[in-house]
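What follows is a single structure, written as structure tokens, with notes after it.
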Amino acid sequence: MNSNIEAAELNMEEADELKYSRTVEDLPGPKGIPFFGNQLQMLGSQWHVTLSNYIREFGPIYRMNELKVGGVFTAEGEDWRKQRKLVTGGLSVEVIRNFFPTMGMMTQRMVDRWKATLADGKRVDLRRDLKALALDIIVGIAMGYDLNVVSDDSHPLQHDLDSLMRRLASRGTSLYPYWRRFRLPVDRAADQSAHDVEQTVLRLIGETRERMKQRPQLREDPTNMLEAMIVASEDPESDFSDQDLVSNAIASVVGGIDTTANSIAWMINLLAQNPETASKLTAEVDAVLGDARMSREWEQMKLLPYLDAAHSETQRLRSSTPFLGLIAKADCVVADTFLPKGMVIFVPTTFGDGLDETQFPQHEQFQPERWIFEHKPQKDEDPARKVFPFGGGQRLCPGRFLALIEVKVVVSAIMRNFELEFDTTAPPVQQVMTFFMGPSAVPVRLRSRT
Ligand code: HEM
């Protein structure tokens, strides 16, 4: 389905008045097989590419059979509204700004480690380390805890979060939700991990409350999401329980690891494959950071337009969330097609218009310049109105500002300290879709800049 289609959502009483010329049955679409429908085409790590190719084959709106979606971000109605308030408050600009020095410290730790690895004549495992850093940062802000997975990946909390993420990913593409009827050993292990993560976060909440007693100024000026959520839960008008704090801390960690780690990994791959673009970015970073090897000043975050553009272009070409699975809450009409309540639809965030040659000429090329304008572009020419890597509307990603700052801190540190060389002998990088879409590898060699 194309992203510029407007969804007209109406009440059930108005359903009789909906105007359309076709129903889902009339739509073109790939042939499925009995019982499994199109699910077998959707298995594995390339289902987002399949969906994207179907747009070219069948047009902006097409039909698929027997597909199930569910997952952590499907809370609805009043419950969602309440939880959402906690998360957006916990990820406010002030909290992110207060967390900025910690994010810098964590990034510096990774850069130092990479320098030591290179000095020993060894190769840096970029894929592993970028994920470890994203985990350190998101656990740091969401739970107020320094895991330090960059230096050591034996922490039980890391193991438990990993186990949860793997289960979520495999359930997201499972043929049948068997776990509602019986549990396999992997499910029992994931349940145990969920329990352990919950206990750890409850303990961290207790410790954070203690720290806030010692340092009452943290109430006015929280330095992480957990502190901000604790303050919100103490408001007599609110009825947030500790369980709400736990679920939202975990939801943010789930939403914030692979999305940012994959985005940065893709960006490094694309920059290494486009050395001229990488040089332009390095020049911008050098000019802004001066003698410093890392960004330490919040104000510098506003001075990196080319980095911003390179990030937007990365999201267009290699989004970690290229499609959203949505469920119609009422009978509605989309693109002149009647969709009944409960129907699951996949909407491209970036892989619709973002990969359309008429919207983005030479669409396969990585060109950050597409996102740079002397004057604000006209509505029709504004690329930001054609792709939506962070979704849109009420459920717009609440972590987007954190992600944008994280990308800037981490990528500017990499470009300031290292040169990138793409390993042309490595096997081609594949797009791998689990819960989020990431590269199969980051075959990039780093060289320390003196
Ligand atoms: C480059 C990084 C990121 C991308 C591309 C991304 C993308 C998205 C998208 C497309 C959605 C669905 C929005 C919609 O339904 O319209 C979403 C939701 C969400 N994201 Fe992100 N995200 C990123 C980073 C983060 C981070 C760092 C966090 C946590 C701190 C986070 C937490 C969430 C949460 C909790 C939701 C669910 C919101 C709701 O249902 O109300 N995301 N994200």
Side-chain angles (χ1 to χ4, degrees), residues 3 7 48 69-93 95-96 99 103 130-131 133-144 161 165 168 172 224-226 228-229 244-267 307-308 310-327 329 344-352 354 387-411 433 435-438:
S3 46
H48 64 298
V69 264
V72 287
F73 298 141
T74 53
E76 291 292 345
E78 265 321 299
D79 183 39
W80 167 77
R81 222 173 297 282
K82 181 180 141 189
Q83 309 298 335
R84 170 94 189 179
K85 224 167 134 189
L86 254 194
V87 174
T88 45
L91 292 169
S92 68
V93 177
V95 172
I96 294 165
F99 183 73
M103 192 189 290
L130 290 174
K131 181 157 177 176
L133 179 60
L135 182 57
D136 281 350
I137 291 175
I138 192 68
V139 170
I141 194 163
M143 301 182 178
L161 288 169
M165 294 290 290
L168 276 177
N224 62 49
M225 190 181 175
L226 199 55
M229 291 198 296
D244 290 329
L245 308 193
V246 172
S247 341
N248 285 303
I250 296 175
S252 302
V253 169
V254 170
I257 308 175
D258 284 336
T259 45
T260 44
N262 292 355
S263 300
I264 296 172
W266 276 123
M267 199 160 158
L307 207 167
D308 266 329
H311 175 242
S312 300
E313 185 66 346
T314 303
Q315 295 292 356
R316 180 185 72 79
L317 275 172
R318 299 286 186 269
S319 169
S320 47
T321 49
F323 285 90
L324 291 178
L326 306 177
I327 300 172
K329 285 166 71 181
V344 175
I345 53 177
F346 277 85
V347 179
T349 54
T350 56
F351 275 24
V387 292
F388 307 93
F390 294 102
Q394 286 190 330
R395 300 192 81 130
L396 177 68
C397 172
R400 67 199 178 284
F401 189 62
L402 172 64
L404 293 173
I405 295 293
E406 187 172 334
V407 166
K408 282 193 217 182
V409 169
V410 176
V411 176
M433 185 73 170
F435 209 58
F436 300 108
M437 199 280 281

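First listed ligand is number 1; within each ligand, the first listed atom is number 1. Only this structure's heavy atoms are used, side chains among them; waters, hydrogens and symmetry mates stay out.
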I345 and L324: CA distance, side-chain angles, deciding distance, side chain to side chain contact (heavy atoms under 4.5 Å, CB included) verdict
CA-CA 8 Å; I345 53 177; L324 291 178; over 6 Å; no

Worked verdict on V344 versus L326 for side chain to side chain contact (heavy atoms under 4.5 Å, CB included):
CA-CA 6 Å; V344 175; L326 306 177; over 6 Å; no

With side chain to side chain contact (heavy atoms under 4.5 Å, CB included) as the test, would you mind laying out the steps for F323 and M437 before giving the verdict?
CA-CA 10 Å; F323 285 90; M437 199 280 281; over 6 Å; no

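Geometrically, ligand 1 and T259 share no nitrogen or oxygen pair separated by less than 3.5 Å. Close N/O approach between W80 and ligand 1 is found [any backbone or side-chain N/O within under 3.5 Å]. Close N/O approach between G399 and ligand 1 is not found [any backbone or side-chain N/O within under 3.5 Å]. Residue L324 has no N or O atom closer than 3.5 Å to an N or O atom of ligand 1.
At least one donor-acceptor pair under 3.5 Å links the side chain of T321 to the backbone N or O of P389. No donor-acceptor pair closer than 3.5 Å links the side chain of S92 to the backbone N or O of T88.
Ligand 1 lies nowhere less than 4.0 angstrom from a heavy atom belonging to G393. Using 4.0 Å as the threshold, Q315 has a heavy atom nearer than that to some atom of ligand 1.
I137 CD1 to I257 CD1: the interatomic distance, rounded to the nearest 0.5 Å, is 11.5 Å. Separation of atoms CE (M267) and CG (N262) is listed at 14.0 Å; rounding is to 0.5 Å. Rounding to the nearest 0.5 angstrom, the gap separating the CG atom in L402 from the OG1 atom in T260 is 7.5 Å. If you take CZ on F99 and CG on N224, they are separated by 7.5 Å, rounding to the nearest 0.5 Å. The distance from the CG atom of L135 to the CG atom of L130 is 12.5 Å, given to the nearest 0.5 Å. The distance from atom CE of M103 to atom CG of L133, rounded to the nearest 0.5 Å, is 9.0 Å.
The proximity of S319 to ligand 1, defined as any non-hydrogen pair under 4.0 Å, does not occur for either the backbone or the side chain. Of all the heavy atoms of R400, none lies under 4.0 Å from any atom of ligand 1, so neither backbone nor side chain is involved. Residue contacts with ligand 1, taken as heavy atom pairs separated by less than 4.0 Å, involve S263 solely via side-chain atoms from C-beta onward. If you look at I138 next to ligand 1, the close heavy atoms, those under 4.0 Å, all belong to the side chain. By the criterion of a heavy-atom distance under 4.0 Å, neither the backbone nor the side chain of V253 is placed next to ligand 1. The proximity of V407 to ligand 1, defined as any non-hydrogen pair under 4.0 Å, does not occur for either the backbone or the side chain.
Residue P389 approaches ligand 1 through these ligand atoms, each under 4.0 Å from one of its heavy atoms: 5 (C), 7 (C), 10 (C). Near L91, with a cut-off below 4.0 Å to any heavy atom, the atoms of ligand 1 are 30 (C). Within the listing of ligand 1, atoms 5 (C), 7 (C), 10 (C) sit less than 4.0 angstrom from a heavy atom of T321. Interface of R84 with ligand 1, defined as ligand atoms under 4.0 Å from a residue heavy atom, comprises 38 (C), 39 (C), 41 (O). Contact atoms of ligand 1 toward L402: 27 (C), 30 (C) (distance under 4.0 Å to a heavy atom of the residue). Residue contact check: G256 has heavy atoms under 4.0 Å from atoms 26 (C), 27 (C), 28 (C) of ligand 1. In summary, the atoms of ligand 1 found under 4.0 Å from a heavy atom of G392, numbered by their order in the structure, are 16 (O). Per-residue contacts place S320 under 4.0 angstrom from the following atoms of ligand 1 (heavy atoms of the residue considered): 5 (C).
Nearest-heavy-atom check against atom 4 (C) of ligand 1 across F401, F390, F388 picks out F390. Residue nearest to atom 13 (C) of ligand 1, selected from H311, R395, R81: R395 (by heavy-atom distance).
A side-chain hydrogen bond (donor to acceptor under 3.5 Å, both in side chains) with Q315 holds for exactly one of E313, H311, R318; it is H311.
Q83 and S247 form no side-chain donor-acceptor contact under 3.5 Å, judged by distance and modelled atom types alone.
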